[in-house]
Amino acid sequence: MIEIHTAKEIQTITNTYQKEGKSIGFVPTMGFLHEGHMSLVKKARKDNDIVVMSIFVNPLQFGPGEDYEAYPRDIERDRKLAEEGGVDVLFTPAPEEMYKAESTVIASVKKRTDVLCGRSRQGHFDGVATVLTKLFNLASPTRVYFGMKDAQQVAVVDGLIDDFFMDIELVPVDTVREEDGIAKSSRNVYLTQSERKEATALYKALRHGARRVSEGERNPEVVKKEIRGILEKTSGVIDYAEIYSYPELKSLKTLSGKFIIAVAVKFSKARLIDNIIIEIPDDQKEDE
Ligand code: AMP
C-alpha cells in the first residue's frame with residue numbers, strides 16, 4: 001500500500017492506472033475505520049484492479065456546533081486496517097490540501113436534502129457533494145462504494161453522478177451491524193455504557209416498522225408513531241423518525257413501492273442514525 005497526501009500525486013498515479021486500462025474502486029471515508037468501512041473495501045477489492053481509499057474528515061460537511069474537532073481519529077490504526085484490507089492507495093490529505101484557498105465553486109444540492117439529515121444538518125450535503133466532486137476528480141474511479149447506513153448520502157451521490165454525467169458506477173453496500181443490531185459507526189465510541197445498551201432501540205424500532213409493513217400496515221403515520229414510541233423509551237432525543245420514498249425521498253400517503261424508514265437519535269455525545277429500506281412488490285398493491 002502506498003500513502004499519498006497531495007492532490008497532484010494522487011492525480012498522477014490514478015491517471016497512470018487509467019492509461020494502463022486498470023479499473024479503480026474508490027472508498028471515501030472519514031477514517032476511524034471499522035468493519036462497515038472494511039466491507040466497502042472488500043467489495044471494491046473484488047470488483048476492481050486497484051482500490052483507492054481516502055481518509056479525510058471534511059470540515060465543509062460539519063455545521064457550527066457539530067463534532068468536527070471531536071470526530072474520532074486514529075490514523076496509525078487506520079493505516080494498518082487499510083493495508084490488511086487490501087487497499088492499494090491510501091489518500092490522506094490535510095484540510096489545506098483539499099481547500100487551498102477561498103473556494104470559487106461550492107456544490108449546492110437541490111433535491112433529496114430537505115428531509116432527514118439534510119434538514120437537521122443544514123449545508124451538510126453541500127459539503128459532502130463538494131468534497132466528493134473533488135475526490136472523484138482526484139481518484140478517477142471506475143466504481144465508488146458507499147454504505148447504505150447513510151442512505152440519504154447514497155441518494156445524493158446518485159443524483160450528483162447522474163446530473164454531472166460522471167462516468168462512475170455507484171455501488172451501495174449493506175449496513176454492517178454489531179451482534180445486537182446496532183449499526184457500526186465511528187461515533188459509537190462516544191456512547192456511555194448505558195446509552196450503548198439503549199441504542200439497540202434504533203434497529204429494534206426499524207425492525208418493528210418493517211414487521212408492521214409485512215403484516216399489511218400501509219399507513220406511514222401509524223408506523224412512524226409506533227417507531228417513535230420505541231425510541232422514546234431511550235434517554236436520547238429523537239431527531240427524526242420518518243418514512244419517505246427511496247431514493248427520491250418524497251412523502252408518502254400510503255406505503256407502496258420502495259421506501260426508507262429512517263431514524264436519528266441524539267444521545268449525550270453522539271447522534272446516531274439508522275435506516276431500513278423496504279420494497280413492496282407490485283403484486284401486493286391491491287392490499288393498499
Ligand atoms: P464515514 O467514515 O462515516 O464517512 O463512512 C465512510 C463510508 O463507510 C460511507 O459510505 C458510509 O456509509 C460507510 N459506512 C459507515 N458505517 C457503515 C456500516 N456500519 N456499514 C456499511 N457501511 C458503512
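Since the model is a prediction, treat every value here as computed from it, not as a measurement. In listed order, ligands and their atoms are each counted from 1. Numbers here simply count residues along the sequence, with the first being 1.
Within the structure, ligand 1 lacks Val154 among the residues with a heavy atom less than 4.0 angstrom away. For the pair Glu35 and ligand 1, no heavy-atom separation below 4.0 Å is found.
At the shortest separation from atom 22 (N) of ligand 1 among protein heavy atoms lies Gly147 CA, 3.5 Å. In terms of protein heavy-atom proximity, atom 4 (O) of ligand 1 is closest to Met30 CG, 3.6 Å. Scanning the protein for heavy atoms near atom 20 (N) of ligand 1, the closest one is Val176 N, 2.8 Å. Atom 12 (O) of ligand 1 has Asp150 OD2, 2.6 Å as its closest protein atom, hydrogens excluded (heavy atom only). Among protein heavy atoms, the minimum distance from atom 15 (C) of ligand 1 is reached at His34 CE1, 3.9 Å. At the shortest separation from atom 5 (O) of ligand 1 among protein heavy atoms lies His37 NE2, 3.4 Å.
Both the backbone and the side chain of Lys184 come within 4.0 Å of ligand 1, counting heavy atoms alone. Contacts with ligand 1 closer than 4.0 Å are made by side-chain heavy atoms of Tyr71 only, the backbone lying farther away. Contacts with ligand 1 closer than 4.0 Å are made by no heavy atom of Met148, backbone or side chain.
In this structure, Asp274 does not pair ionically with Lys149, as no charged nitrogen and carboxylate oxygen lie closer than 4.0 Å.
In this structure, a donor-acceptor pair under 3.5 Å is absent between the side chains of Thr113 and Lys111.
At distances below 3.5 Å, not a single donor-acceptor pair connects side-chain atoms of Thr254 with backbone N or O atoms of Arg218. A donor-acceptor pair under 3.5 Å links the side-chain atoms of Asn137 to the main chain of Thr133, judged by distance alone.
Less than 4.0 angstrom separates some heavy atom of Thr29 from each of these atoms of ligand 1: 2 (O), 6 (C). Atoms of ligand 1 found under 4.0 Å from any heavy atom of Phe146 (numbered from 1 in listed order, with element): 10 (O). Near Pro28, meaning under 4.0 Å from one of its heavy atoms, ligand 1 places the atoms 6 (C), 7 (C). Counting atoms of ligand 1 from 1 in the listed order, those under 4.0 Å from a heavy atom of Leu40 are 7 (C), 8 (O), 10 (O), 13 (C).
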Residues 159-174, side-chain donor-acceptor partners within the protein, below 3.5 Å, at least two apart:
from, atom 1, to, atom 2, distance (Å)
Glu169, OE1, Arg143, NE, 3.2

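For the ring-ring contact (aromatic ring centres under 6.0 Å, His included) test, residues two or more places apart in sequence or in another chain that qualify with His34 are His37.
The residue from Ile50, Val52, Asn15, Thr16 that alone fulfils the side chain to side chain contact (heavy atoms under 4.5 Å, CB included) condition with Ser140 is Asn15.
Within a 6.0 Å sphere centred on NZ of Lys224, other residues, nucleotides and ligands contribute more than 12 heavy atoms.
In this structure the side chain of Tyr99 reaches within 4.5 angstrom of the side chain of Asn58, judged on heavy atoms.
The cationic group of Arg228 does not satisfy the cation-pi geometry with Tyr240, failing either the under 6.0 Å distance to the six-membered ring centre or the 45° limit from the ring axis.
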